[in-house]
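Please read the structure below before turning to the comments.
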Protein chains: 2
Amino acid sequence: MNSTLELLNNRRSLRAYSDQPITAGEKAAILQGAFRAPTAGAMQLYTILEVADPAIKERLAETCDHQPFIAKAPLVLLFLADYQRWWDVFNFSGAPERARELGRPTRPLQVGDLMLACCDTLIAAQSAVIAAESLGIGSCYIGDILENYEIHRELFDLPPYVIPLTLVCFGHPVSQRPAANPSPRFPAEYMVHTDRYRRLAAEEVEPLFRPWIERMQASGGKFVEGAENYGQSNYLRKFIAEFSFEMSRSAAAMLKNWE
Amino acid sequence: MNSTLELLNNRRSLRAYSDQPITAGEKAAILQGAFRAPTAGAMQLYTILEVADPAIKERLAETCDHQPFIAKAPLVLLFLADYQRWWDVFNFSGAPERARELGRPTRPLQVGDLMLACCDTLIAAQSAVIAAESLGIGSCYIGDILENYEIHRELFDLPPYVIPLTLVCFGHPVSQRPAANPSPRFPAEYMVHTDRYRRLAAEEVEPLFRPWIERMQASGGKFVEGAENYGQSNYLRKFIAEFSFEMSRSAAAMLKNWE
């Protein structure tokens, strides 16, 4: 196994960071990893916002479902899906007017543009994460940045066609001891289908969760209170948790500008 | 620079593949790279559909904006954003009923869930791409899979909460000669902001595109017919191209199930 495959296979999310700062050279390498990532039509439909101000990090630690470790990360990068830059370029360049002069149809920005921008943004983010990992710098994605859109829009002065899609915390690990066991994954047969989508059958729920149940039994873990099985436990703990309702509301608000 | 950073910095999209097949071991390593990718709440909100049937590859080469090289790729992976698996698990597990018994509020699937699934899906896709690259296997993302949703839904038998988000073609390069110059990127100052989003000003359009203009001049390239500048050229060639109207329509159709 080559060193890149080893890195991909051994990566864990890191939520506790040492005091060791991330040097300018390390940060440049992480950002460069993102910049060279593939991008639709080479349009780079994203912006990376470095959250440097400790007060803003503290605020994010609250608005992203109360996770104090965010404020302690030496490097916090907000990956914004960004069509605003190109939209402004089009308008500054007189592009819609030129199209009309040429008798071509024009169109507004739409959700398809947003989805393409989301692809660019995540591809860049994961490239940055892997670049960091290769330097011994751990990271953690914060999906909760999808919550509280209005607060983040105000905090970061986001124009309409910029969406806070994912937040990544970076830092050196506190110690070199081996990371905990990786979280289980579903058996490959459920994750990879051939030629047609194969929908899960009721009797497959048990084998699907077998790696998880085995881990739970080994660690003495339990389902959340009130849950009788893994599906119920996840549903109660995550899908209908307060943060999930907020994420649903917030994401719907983000999409309003794109319709 | 370590080998992973070199790989990230030197990667180019590859659209011409040798006849050398991708071995079972190589495919397993690519998929394993995806499986170990970080995922929101360890939910793995994606499915990888391997397009193995040559007739389906031919069809995709047409439906994805007429790109014949897709049919010639030895390995074609469709990355599906997938909340259907979990939604079915919740229902098979009696989760909504249990929540109601416990007096907890329930909710339908919504766009926030889709956005989280999109994050998982692209993070996995880029991990697969990097795993492949480390094995000397090139790749190309096909964003055009966002078009023609209804055709792809039928072709792959996709249930409502599964979205074809990105397609990736993989294969060995035809020769070992160095790849062409990489496509330019915007200067870093426009891509990375600190603490607040900095919206582009009109006078920044020229420096923004300087790397592109320099490349165009060096290669003797031209703007598309009718365009007077870079913004107009991109707008005419891409933003109001037929495929863009189709992508907008198709993506809006995909989102209907999530509202």
Side-chain angles (χ1 to χ4, degrees), chain A residues 2-5 8-9 33 35-36 38 40-42 44 48-50 52-53 85 88-90 92-93 95 98 102 104 110-112 115-116 118-119 122-123 126-127 131 134 141 143 156-158 166 183 185-186 192-197 200 202 205 226 229 231-232 235 238 247-248 251-252, chain B residues 2-5 8-9 33 35-36 38 40-42 44 48-50 52-53 85 88-90 92-93 95 98 102 110-112 115-116 118-119 122-123 126-127 131 134 141 143 156-158 166 183 185-186 192-197 200 202 205 226 229 231-232 235 238 240 247-248 251-252:
Chain A
N2 65 54
S3 60
T4 299
L5 290 179
L8 291 170
N9 277 278
F35 295 156
R36 289 306 326 165
Q44 292 180 273
I48 301 174
L49 194 144
E50 182 185 352
D53 182 339
R85 185 187 302 113
D88 289 345
V89 163
F90 290 153
F92 288 143
S93 307
R98 188 73 191 120
L102 295 167
R104 298 273 300 271
Q110 286 158 298
V111 288
M115 289 180 78
L116 208 57
C118 287
C119 291
L122 268 307
I123 291 169
Q126 181 63 356
S127 296
S134 80
Y141 279 95
F156 298 116
D157 205 14
L158 304 181
T166 198
S183 60
R185 294 290 189 257
F186 293 134
V192 183
H193 306 176
T194 303
D195 289 333
R196 287 181 87 79
Y197 186 86
L200 194 75
V205 173
N229 57 43
Q232 289 183 12
Y235 189 87
K238 291 185 184 162
M247 189 179 289
S248 297
Chain B
N2 65 54
S3 60
T4 299
L5 290 180
L8 291 170
N9 277 278
F35 294 156
R36 290 306 326 166
Q44 292 181 274
I48 301 173
L49 194 143
E50 182 185 352
D53 183 338
R85 185 189 301 113
D88 289 344
V89 163
F90 290 153
F92 288 142
S93 306
R98 189 72 192 120
L102 294 168
Q110 286 158 296
V111 288
M115 289 180 76
L116 209 56
C118 287
C119 291
L122 267 307
I123 291 169
Q126 180 63 355
S127 296
S134 81
Y141 279 94
F156 298 116
D157 205 13
L158 304 181
T166 198
S183 60
R185 294 291 189 256
F186 293 135
V192 183
H193 306 176
T194 303
D195 288 332
R196 286 182 88 79
Y197 186 86
L200 195 75
V205 173
N229 57 43
Q232 289 183 12
Y235 190 86
K238 291 185 186 162
I240 58 168
M247 188 179 290
S248 296

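Basis for what follows: all heavy atoms, side chains included, without hydrogens, waters or symmetry-related copies. Residue numbers start from 1 in every chain, and the chains themselves are labelled A, B, ... in the order their sequence lines are given, proteins ahead of strands. Everything numeric in this text was worked out from a predicted model, so none of it was measured.
Contact of B/Y141 with chain A is made through the side chain alone, with heavy-atom distances under 4.5 Å. For A/L116, the parts lying under 4.5 angstrom from a heavy atom of chain B are both the backbone and the side chain. Proximity to chain A involves both the backbone and the side chain of B/D195, based on heavy atoms less than 4.5 angstrom apart. For B/V205, the part sitting under 4.5 Å from any heavy atom of chain A is the side chain, from C-beta outward, and nothing else. For A/Q110, the part lying under 4.5 angstrom from a heavy atom of chain B is the side chain only. For B/A40, no part lies under 4.5 angstrom from a heavy atom of chain A. Proximity to chain A is limited to the side chain of B/L102, based on heavy atoms less than 4.5 angstrom apart. If you measure heavy-atom distances from B/N9 to chain A, the contacts under 4.5 Å come from both the backbone and the side chain. With a 4.5 Å cut-off on non-hydrogen atoms, A/N229 touches chain B through its side chain but not through its backbone.
In terms of heavy-atom pairs under 4.5 Å with chain A, the best-connected choice from B/G112, B/A42, B/S134 is B/S134. Among A/G33, A/A251, A/G143, A/C118, the residue with the largest count of heavy-atom pairs under 4.5 Å with chain B is A/A251. In terms of heavy-atom pairs under 4.5 Å with chain A, the best-connected choice from B/T166, B/D53, B/L200, B/D157 is B/D157. Most heavy-atom pairs under 4.5 Å with chain A: of the set B/Q44, B/E50, B/M115, B/M247, this distinction falls to B/Q44.
The two residues A/T194 and B/A52 have their closest heavy-atom pair at CG2-CB, 3.9 Å. The nearest pair of heavy atoms linking B/P38 to A/Q126 is CD-NE2, 3.8 Å. In terms of heavy-atom proximity, A/L5 sits nearest to B/A131 at CD2-CB, 3.5 Å.
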request  = Check step by step if side chain to side chain donor-acceptor pair (under 3.5 Å) holds for B/R185 and B/S183.
outcome  = CA-CA 7 Å; B/R185 294 291 189 256; B/S183 60; 2.8 Å; yes
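The side-chain contact (heavy atoms from CB on, under 4.5 Å) test with B/T4 singles out one residue from A/N2, A/T4, A/L8, and that residue is A/T4.
Scored by the side chain to side chain contact (heavy atoms under 4.5 Å, CB included) test, A/V192 finds B/L31, B/F35, B/I48 as partners (sequence neighbours excluded). Residues passing the side chain to side chain contact (heavy atoms under 4.5 Å, CB included) test with A/A202 are B/F92, sequence neighbours excluded.
At a threshold of 4.5 Å between non-hydrogen side-chain atoms, the residues B/R98 and A/Y235 do not count as touching. Using a 4.5 Å heavy-atom cutoff, the side chains of B/R36 and B/S127 are not in contact.
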